[in-house]
K.L.:
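Quick one: the structure is below, questions incoming.
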2 protein chains.
Amino acid sequence: MTVSIKDVARVAGVSPATVSRVLGNGTVVSDALRAQVEAAVRKTGYRPNLSARRLRSRHSQTIGLIVADIRNPFFTAVGRAVEDIAYQAGLRVILCNTDENPEKEALYLRLMEEERVTGVIFAPTRQTVDRMTETPQSFPTVLIDRACHRSQEDAVVLDNHASAGMLVEHLHAQGYRRMIGLFGNASTTGIERHDGYIAAMTRFGLTPDAVFIPPTSEAAEAEVRRRIAEGVAARPDAVIASNGLLLMGVVRAVREAGLVIPGDLAVAGFDNERWTELVGPGITVIEQPVEAIGRTAMAMLLERLDTPDAPIRKVVLNGRCVVRGSTAARRTSRAV
Amino acid sequence: MTVSIKDVARVAGVSPATVSRVLGNGTVVSDALRAQVEAAVRKTGYRPNLSARRLRSRHSQTIGLIVADIRNPFFTAVGRAVEDIAYQAGLRVILCNTDENPEKEALYLRLMEEERVTGVIFAPTRQTVDRMTETPQSFPTVLIDRACHRSQEDAVVLDNHASAGMLVEHLHAQGYRRMIGLFGNASTTGIERHDGYIAAMTRFGLTPDAVFIPPTSEAAEAEVRRRIAEGVAARPDAVIASNGLLLMGVVRAVREAGLVIPGDLAVAGFDNERWTELVGPGITVIEQPVEAIGRTAMAMLLERLDTPDAPIRKVVLNGRCVVRGSTAARRTSRAV
DNA sequence: GATGTTTGTGAAATCGTTTTCATTGATAAA
DNA sequence: TTTATCAATGAAAACGATTTCACAAACATC
């Protein structure tokens, strides 16, 4: 039925080995035979069977990309960059969505073993980051977005601590004093951004007011709605959200309450998603170099495959503060 | 090195065939042996080699998902739905981004053959839709988002013609008369929505004013900027954009020109992306049932695998018109 | 008691490649 | 001339699983 390398060999009048050599590895084949084989391939419409090739050659030419949810624009952008480079390098990508669920993470890591992937790019939850130091994988891993100091894997992350500090600093310079912080509770980024927020607030002699919530816009919306309902006196003058999902929830809650950004409440957060430019006066955000993160992660993975014993590297990229109207200078009449 | 089914068999004191039976197919194995095998699997840390399994069993348990760009929220949402169902059904998904490039489409279709996928879900460009009727694939295909009447594949699409008509109708009812249309030039959806727009405009006795542009927000932005620069007299009173990408470009151009939505220009379009709810007075859009599209496509593919000879089906889903402030009733003082 | 039938198991073939190893003829070196 | 080296090729093994086939034991039927 389906045409195999033997059929090609028969048509070309050579051995299967020779066909294989023409197709794949760079071994020398005489020009005459090479031409015969190529003709036979065209004539038969032969397509190599990648499963057979992987089995025999013992490399899968496949990497895994495990993220929380591809619908999150951050992961979408990173993922697209990863895929582009992977396909260029002749690698297949297996994409997995964990929904920040450690069980799914474990499931997919097992799947990666069964696929015999050559490597994995992984944005793990806090729980799994910790567990990975104990049970090493059978493949090299590059962590993205999330990692910790003691993780034994290559990683490429944002300077979360400094970036959160930049937001606090900016808001402070604009005259805000009562900035509250909403942080995702599933990832290490939430913690690091939280710590950066606390440190900066403390540095300015301000009272931190931070809360960890599930990483959904609904949770952020509910939290902000609650804070607004507490009344004007208790109300913060600015909100910082630790990622794009939360940020959207914040904006929704503010709009719904009929408040004005930044007059009633300033808003800032992480992830320069395209809508942040278009909403109200524009939302001030920390822009992550999403393509660079994807490209760097792939580059690190490829280098690791080349030199498995090189020392473990952790690349920290800087965020860029994109200032927009949502954090315009506070009106002095209302200043504390 | 890596532990194979033979190792497990040796440890369990049975034949490899028995191990295979315990692991995989539902053939009967005595309880005693089953327990021994399971113990041996645990003890050895055995992981099946999926390449070997695929080669021998001759089904890849893999489907392809070929879309223009996973960063487009429409495809992201559809893709996520597809992946969820696929993984549930024990199928792997290979994701490919074509960037609306027919050459990449051809490349990836060839890749699908080499992977021996069991099926493909595909959002093709116009060119490839046409070419596919000529050269049938070696695997069943479900087209999504894009198809044409004569395509010989299952398909699940939006009722583009009617949906575009709904937008025109709504704008007309709100008092708008000079609605221009921006349509993507790479896909059949652009054409169908264009035709629906023309039909509805004609029905109302209005002069259609439509343009096909590349499917990027930059192209839309440039086009609208150009139209605005032509001066108030020539200016349309409403803009319809045939997808979320174009819609974003439209909004950017309008904001940049300092015009007010809908006072100076009403805006409506396709794709209920989350930002459309938050921008200005909210943007009126046709919401596509994105999850349903993904789920339906997967369901159709699975059914097709079950019954290869069933007649070809084309499922047409309705869009929902989400009315927001961007198309509020036209002020009568300015009515034509 | 003789003869099917069913059930559980293992030996061996097989999937479609790549890789190892042997062979051949040609060329270089002694 | 003889021997060593090399390049090009084919035969056969191997990759790690599933599947086919054969067989024995247990059971049912007449």
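The analysis underlying the following values was restricted to heavy atoms, covering all of them including side chains, and did not include hydrogens, waters or symmetry mates. The chains referred to below are lettered A, B, ... by the order of the sequence lines, with proteins before strands, and numbering in each begins at 1.
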K.L.:
If each of B:P48 and A:V14 is mapped to the nucleotide of DNA chain D with the nearest heavy atom, which maps nearer the 5' terminus, i.e. the 5' end?
P.N.:
A:V14
K.L.:
In whole angstroms, how far is the P atom of D:dT19 from the CG atom of B:L55?
P.N.:
12 Å
K.L.:
Does OP1 or OP2 of D:dG16 have a side-chain N or O of B:S4 closer than 4.0 Å?
P.N.:
no
K.L.:
Taking atom C1' of D:dT18 as reference, at what distance in whole Å does atom NZ of B:K6 sit?
P.N.:
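Roughly 13 Å, once rounded to whole Å.
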K.L.:
Under the criterion salt bridge (charged side-chain N to carboxylate O under 4.0 Å, His left out), which of B:R47, B:R54, B:R53 is the partner of A:E115?
P.N.:
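One option only clears the test, and that one is B:R54.
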K.L.:
Send over the distance from A:R47 CZ to C:dT17 P, rounded to a whole Å.
P.N.:
12 Å
K.L.:
Check the distance between C:dA13's P and B:R58's CZ and give it to me in whole angstrom.
P.N.:
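In whole Å, C:dA13 P lies 19 Å from B:R58 CZ.
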K.L.:
Could you tell me whether the side chains of A:E105 and A:T128 share a donor-acceptor contact shorter than 3.5 Å?
P.N.:
yes
K.L.:
Go through the steps for A:T125 and A:E100 under the test side-chain hydrogen bond (donor to acceptor under 3.5 Å, both in side chains), then give the verdict.
P.N.:
CA-CA 6 Å; A:T125 59; A:E100 314 272 15; 5.9 Å; no
K.L.:
Any side-chain donor-acceptor pair under 3.5 Å between B:T141 and B:E153?
P.N.:
no
K.L.:
Any salt bridge linking B:R126 with B:D130? Criterion: basic side-chain nitrogen under 4.0 Å from a carboxylate oxygen.
P.N.:
no
K.L.:
Quickly work out the A:D7 CG to C:dG16 P distance and round it to whole Å.
P.N.:
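Whole-Å distance recorded here is 9 Å.
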K.L.:
Using a heavy-atom cut-off of 4.0 Å across all strands, would you classify B:L50 as base, sugar-phosphate, or nothing?
P.N.:
nothing
K.L.:
To the nearest Å, how far apart are A:E114 CD and D:dA17 C1'?
P.N.:
13 Å
K.L.:
Any side-chain N or O of A:T18 below 4.0 angstrom from OP1/OP2 of D:dG10?
P.N.:
yes
K.L.:
Treating B:D99 as the side-chain partner and B:N101 as the backbone partner, does any N or O pair qualify as donor plus acceptor under 3.5 Å?
P.N.:
no
K.L.:
Would you mind reading off the distance between A:R116 atom CZ and D:dC15 atom P, rounded to a whole angstrom?
P.N.:
13 Å
K.L.:
Just by distance, with hydrogens left out, do A:N97 and B:E83 show a side-chain donor and acceptor under 3.5 Å apart?
P.N.:
yes
K.L.:
One character per nucleotide, please: for nucleotides 18-27 of chain C, 5' to 3', B when the base has a protein heavy atom closer than 4.0 Å, S when only the sugar-phosphate does, - otherwise.
P.N.:
BBB-------
